[in-house]
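Heads up, the thing below is written out as structure tokens.
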2 protein chains.
Amino acid sequence: MSTPTRTEPIPRTGTRAGEIRDQLHDAIVDRRLTPGTKLVEDEIGATFSASRTVVRAALQALAFDGIVTLEPNRGASVSKPSPEVARQVFDARRMIEPGLALAAAARITAADVAMLEQHLATEAEAIAARGPSARRAEIHASGELHLSIAAIAGNEILSRFLRELVARSSLVIALYGRSGASSCARDEHGRIVAALASGNGRAAAELMRHHIDHIEADLDYQPAGEASIRDLLKL
Amino acid sequence: MSTPTRTEPIPRTGTRAGEIRDQLHDAIVDRRLTPGTKLVEDEIGATFSASRTVVRAALQALAFDGIVTLEPNRGASVSKPSPEVARQVFDARRMIEPGLALAAAARITAADVAMLEQHLATEAEAIAARGPSARRAEIHASGELHLSIAAIAGNEILSRFLRELVARSSLVIALYGRSGASSCARDEHGRIVAALASGNGRAAAELMRHHIDHIEADLDYQPAGEASIRDLLKL
DNA sequence: AGACCTGGTTTTGTATACAATTATGCGCTG
DNA sequence: CAGCGCATAATTGTATACAAAACCAGGTCT
């Protein structure tokens with residue numbers, strides 16, 4: 001390999017696949033890698049100076065999360081959730097997140113409130129800024145807020161579920177979103193945080209439910225790609 | 001779709017690793033492999049005549065489901081969920097399953113009802129019979145009923161979440177259960193199915209919530225193993 | 001022209017080899 | 001006889017080799 005000497009800063013074993021998985025995860029969630037992109041094992045391995053063995057482990061992990069699709073003998077690619085799956089993602093979020101908000105309201109501390117408001121500030125900053133990098137930061141901050149609320153609720157299993165749902169949501173929005181209701185969403189985020197801060201769990205849960213409705217309402221479940229051709233011919 | 005029972009489980013990599021994963025999954029869920037059991041790659045490979053490569057993929061998949069724990073450089077073992085994790089499992093089920101029952105009631109067909117009643121019959125049969133094999137069948141049937149209700153609700157993502165939660169529940173019950181409230185549970189299963197069959201979603205959801213409460217009430221969250229020694233010394 | 005074979009190329013699936021790490025057993029010492 | 005090192009065995013982490021499958025391009029036949 002390219003490392004004849006043992007000067008590696010972090011030679012931690014077992015962390016290599018996790019590193020690659022996280023990098024790919026971030027790249028997919030903030031849309032540097034868009035749905036449908038082929039993920040060739042050799043390329044990724046070359047990029048991260050790792051063997052296919054560890055790359056495969058990383059891809060498998062992402063496949064479990066549903067954001068990468070593995071087709072036998074055909075390799076991995078960034079998932080393209082169907083409209084049906086997209087609906088299921090938001091149904092699942094509607095089922096989980098209001099309850100999570102309710103639980104969070106019962107356990108939230110002053111430090112938690114400060115952290116959430118920090119997230120809001122970061123998000124506002126990203127929204128105000130221009131450029132694709134700011135868009136990525138916005139997506140990241142928005143997801144982070146939802147995940148932070150889940151973390152406050154204190155259930156790691158549900159947090160993990162939500163992590164998957166948030167990641168899949170990003171793919172769904174990339175495919176079916178019609179731009180710009182983000183500012184609306186940010187305002188809703190503020191209200192949710194306010195409700196949580198005042199300990200009003202019921203209100204937070206209700207706001208969260210509406211928030212998810214609004215996000216989904218901004219989508220246009222027209223199948224992308226080949227189906228759009230078919231639809232165009234019909235019109 | 002008003003799908004039958006067919007819920008495709010989890011993304012499959014090859015077919016080989018999936019086979020091993022499913023076999024191990026079943027073995028863990030119906031307690032032929034108990035919490036803490038070491039899972040050595042070579043042994044499993046020899047058992048299934050497969051190389052360590054595929055075995056590792058299978059173990060990784062099970063680790064992602066939370067029923068196998070992977071410690072770096074130390075290998076895999078059947079998970080021993082802590083009382084804390086156990087509580088989180090049931091909290092998560094309380095958050096998901098009543099809503100799933102509600103959704104199922106709105107979509108259930110006559111064929112679905114017949115299938116659920118078939119499950120009830122199988123379960124009753126297993127309960128009546130003696131021996132460890134019957135116990136395994138009982139556990140299996142009980143889990144299958146919950147998963148079938150999820151399948152009727154028609155959300156594959158939530159079905160997968162519940163699949164994980166049911167599997168983890170089996171580990172939790174193996175560790176902290178104090179035997180025999182199963183018959184009680186079966187009765188509750190019958191009532192839930194009846195509510196679903198009559199289209200009474202609210203009732204089904206409420207019954208489901210209580211059912212989960214009852215399952216958890218039968219647990220004794222005393223840490224097994226070393227902690228019990230400590231407790232014994234204190235008494 | 002279009003469908004269809006066909007060879008070479010790419011990419012994945014699986015096994016295996018070797019290095020790194022952890023577990024184990026045994027003799028030694030006090 | 002308990003405790004401690006140290007050599008050795010087991011086991012995991014990672015890279016690589018090779019076979020099978022899919023992909024691609026060009027040429028042939030109808």
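In the text below, chain A, chain B and the rest are named by the order of the sequence lines, each starting its count at 1. Please read all numbers here as calculations on a predicted model, not as lab measurements.
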Between [options], which nucleotide has the shortest distance from any of its atoms to the side chain of [X]?
X     : options                : result
A/T53 : D/dT14, C/dG13, D/dG13 : D/dT14
A/E41 : D/dT12, C/dT11, C/dG13 : C/dG13
B/N73 : C/dT22, D/dT11, D/dT14 : C/dT22

Interatomic distance, [X] [atom1] vs [N] [atom2] [rounded to whole Å]:
X     : N      : atom1 : atom2 : answer
A/E19 : D/dG13 : CD    : P     : 17 Å
A/D42 : C/dT10 : CG    : P     : 11 Å
B/F48 : C/dA15 : CZ    : C1'   : 18 Å
B/E71 : C/dT21 : CD    : P     : 17 Å
B/L70 : D/dT11 : CG    : P     : 16 Å
A/R56 : D/dA15 : CZ    : P     : 14 Å
A/R16 : D/dG13 : CZ    : C1'   : 10 Å
B/K38 : D/dT11 : NZ    : P     : 7 Å

Would you classify B/R74 as touching base, sugar-phosphate or nothing, given that sugar-phosphate means primed atoms plus P, OP1 and OP2, and contacts are heavy atoms under 4.0 Å? sugar-phosphate
Lys NZ or Arg CZ of A/R160 over B/F64 ring: under 6.0 Å, within 45°: yes
For C/dA15, does either OP1 or OP2 sit under 4.0 Å from a side-chain N or O belonging to B/S51? yes
Does D/dA15 have OP1 or OP2 sitting under 4.0 Å from an N or O in the side chain of A/R52? no
Presence of salt bridge, B/E19 and B/R16, under 4.0 angstrom: no
Charged N-O contact under 4.0 Å between A/D26 and A/R32: no
Once the angle between the rings of A/Y221 and A/Y176 is folded into 0 to 90°, is it parallel (under 30°), tilted (30 to 60°) or perpendicular (over 60°)? perpendicular
For the pair A/H189 and A/H146, name the ring-plane relationship: parallel under 30°, tilted 30 to 60°, perpendicular over 60°. perpendicular
